[in-house]
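So the structure is just underneath, and the comments pick up after that.
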Amino acid sequence: MPPILQVTGLAKSFGEIRAVDGISFAIRAGEIHGLLGPNGAGKTTTISMLCGLLRPDAGTVVVAGEDFWLQPAKCKKVLGVVPQEIALYEELTGRENLEFWGRLAGLERGAARIRAGELLGALQLSDRGGDPVKQYSGGMKRRINLGAALMHRPRLLLLDEPTVGIDPQARASVLEFIRGLGAEGTAILYTTHYLEEAESFCHRIGIIDHGRLLAEGTLAELQGRLGGDRLFILEGAFAEVDPAVWPGFLEQFRVIQRTDRQWVVSPLTPRDPSDCLRELLALPIRVENVTLKKPSLNDVFLQLTGRGLRE
Ligand code: ATP
């Protein structure tokens, strides 16, 4: 099955800032593809180039087999975009907002009315559809914002941090709804800086930092980059310790995070955890405690960038 979105070598600079620096990825029908990165990583700039708001300096965007920048009108029919900033008319009702965006996307009046009703139901807003948006909570506005992008039943949905600033319950309901769209076959690009969302929700994840895609794959594939499914957390007095002087250590292990009291150590290649543990305990340091854990996306991010990605 060919991808619905194929991005190749996409790049954009603003003056000296290389906001997006040559990124490539593909998304297929039914796939929720996360783009995970800290503030300023280049996520919004990427989305803007995928939907026609910004012209790339280099690279191609192919949507359902068509080059976006050669056939923008054709591609926009396939595409729905949910911007980070809520783009609604506060004085209009939720239903009127949906109908307005549906008409803009080319629906006839009657079709827009029917579709708005369907989406209000699916988004659990039927009872509030007649109220002006200015009376809505943040989570309700987010849901209408999402509905506005879905009026024309796009096969590809671009979501730019759709759960920022909403409470956990509203977040869960938005995620559930988006998961349902994926299950129905919509291809979804989902940018986020929330690790748990990327871990629990996305089929594939691209890790982006300083405009570059540092790694891409399923959660299991990304965890596999850390040499297997275990990390070792050593506790002790490590202030003066330099692992570079231990013969062979850095060929076997990497210290992905260190403080004076704690190291997080990853084997460089998949190995039996008990062998690793034996070698770590034989090191010339006094280890007070060892725990094992499964690598999280934060650990993957740490290994790739030397920094953590915390909310
Ligand atoms: P956030 O999570 O904060 O939205 P992001 O990953 O979406 O971050 P972008 O908004 O794409 O990041 O920004 C990437 C880089 O490009 C940043 O350094 C930002 O300051 C810069 N940038 C973005 N838009 C512009 C612009 N119009 N003019 C100048 N610099 C810009």
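These values consider heavy atoms only, across backbone and side chains, with no hydrogens, waters or symmetry-generated copies. Numbers here are sequence positions counted from 1. Each ligand, and each atom within it, is numbered from 1 in the order the structure gives. Source: prediction; values computed, not measured.
In this structure, the protein non-hydrogen atom closest to atom 24 (N) of ligand 1 is Phe14 CE1, 3.4 Å. In terms of protein heavy atoms, atom 10 (O) of ligand 1 is closest to Thr44 CB, 3.6 Å. Annotation: atom 14 (C) of ligand 1 to nearest protein heavy atom, Gly40 O, 3.3 Å. Protein heavy atom nearest atom 16 (O) of ligand 1, with residue, atom name and distance: Ala19 CB, 3.2 Å. For atom 9 (P) of ligand 1, the closest non-hydrogen atom on the protein side is Thr45 OG1, 3.5 Å.
When side chains are defined from C-beta on, Val7 does not count as touching Ser24, because their heavy atoms never get closer than 4.5 Å.
Annotation for ligand 1: atoms under 4.0 Å from non-hydrogen atoms of Ala41 are 5 (P), 6 (O), 12 (O). Of all atoms in ligand 1, numbered sequentially from 1 with element shown, those under 4.0 Å from a heavy atom of Pro38 are 6 (O).
The closest approach between Ser48 and ligand 1 stays at or above 4.0 Å for every heavy atom of the residue. In this structure, Gly42 is part of the shell of residues with a heavy atom less than 4.0 angstrom from ligand 1.
Of all the listed residues (Glu161, His210, His193), Glu161 holds the heavy atom that lies closest to atom 2 (O) of ligand 1.
On a distance-only criterion, Asn39 and ligand 1 share at least one N/O pair closer than 3.5 Å. Ligand 1 has no nitrogen or oxygen under 3.5 angstrom from a nitrogen or oxygen of Thr46.
Using a 4.0 Å cut-off between heavy atoms, Ile17 contacts ligand 1 through its side chain alone, with no backbone atom that close. Only side-chain heavy atoms of Gln84 come within less than 4.0 Å of ligand 1; its backbone N, CA, C and O stay farther off.
Among residue pairs with one or both ends in residues 58-92, those qualifying as ring-ring contact (aromatic ring centres under 6.0 Å, His included) are Tyr89-Phe100; sequence neighbours excluded. The ring-ring contact (aromatic ring centres under 6.0 Å, His included) contacts involving residues 33-53 comprise Phe25-His33, where partners must be two or more places apart or lie in separate chains.
The cationic atom of Arg171 (NZ for Lys, CZ for Arg) lies less than 6.0 Å from the six-membered ring centre of Tyr194 and within 45° of the ring axis.
In this structure, atom 19 (C) of ligand 1 has no protein heavy-atom contact shorter than 4.0 Å.
Under the 3.5 Å distance criterion, the side-chain polar atoms of Arg115 are matched with a main-chain donor or acceptor of Met151. In this structure a side-chain-to-backbone donor-acceptor pair under 3.5 Å is missing from Asp209 to Ala41. Side chain of His152 to main chain of Leu79: a donor-acceptor pair is present (N/O by atom type, distance under 3.5 Å, no hydrogens or angles).
Side-chain polar atoms of Asp272 and Ser274 form a donor-acceptor pair below 3.5 angstrom.
More than 12 heavy atoms of other residues, nucleotides or ligands shown are found within 6.0 angstrom of CZ on Arg258.
A salt bridge links Glu90 with Lys141; the closest basic N to acidic carboxylate O contact falls under 4.0 Å.
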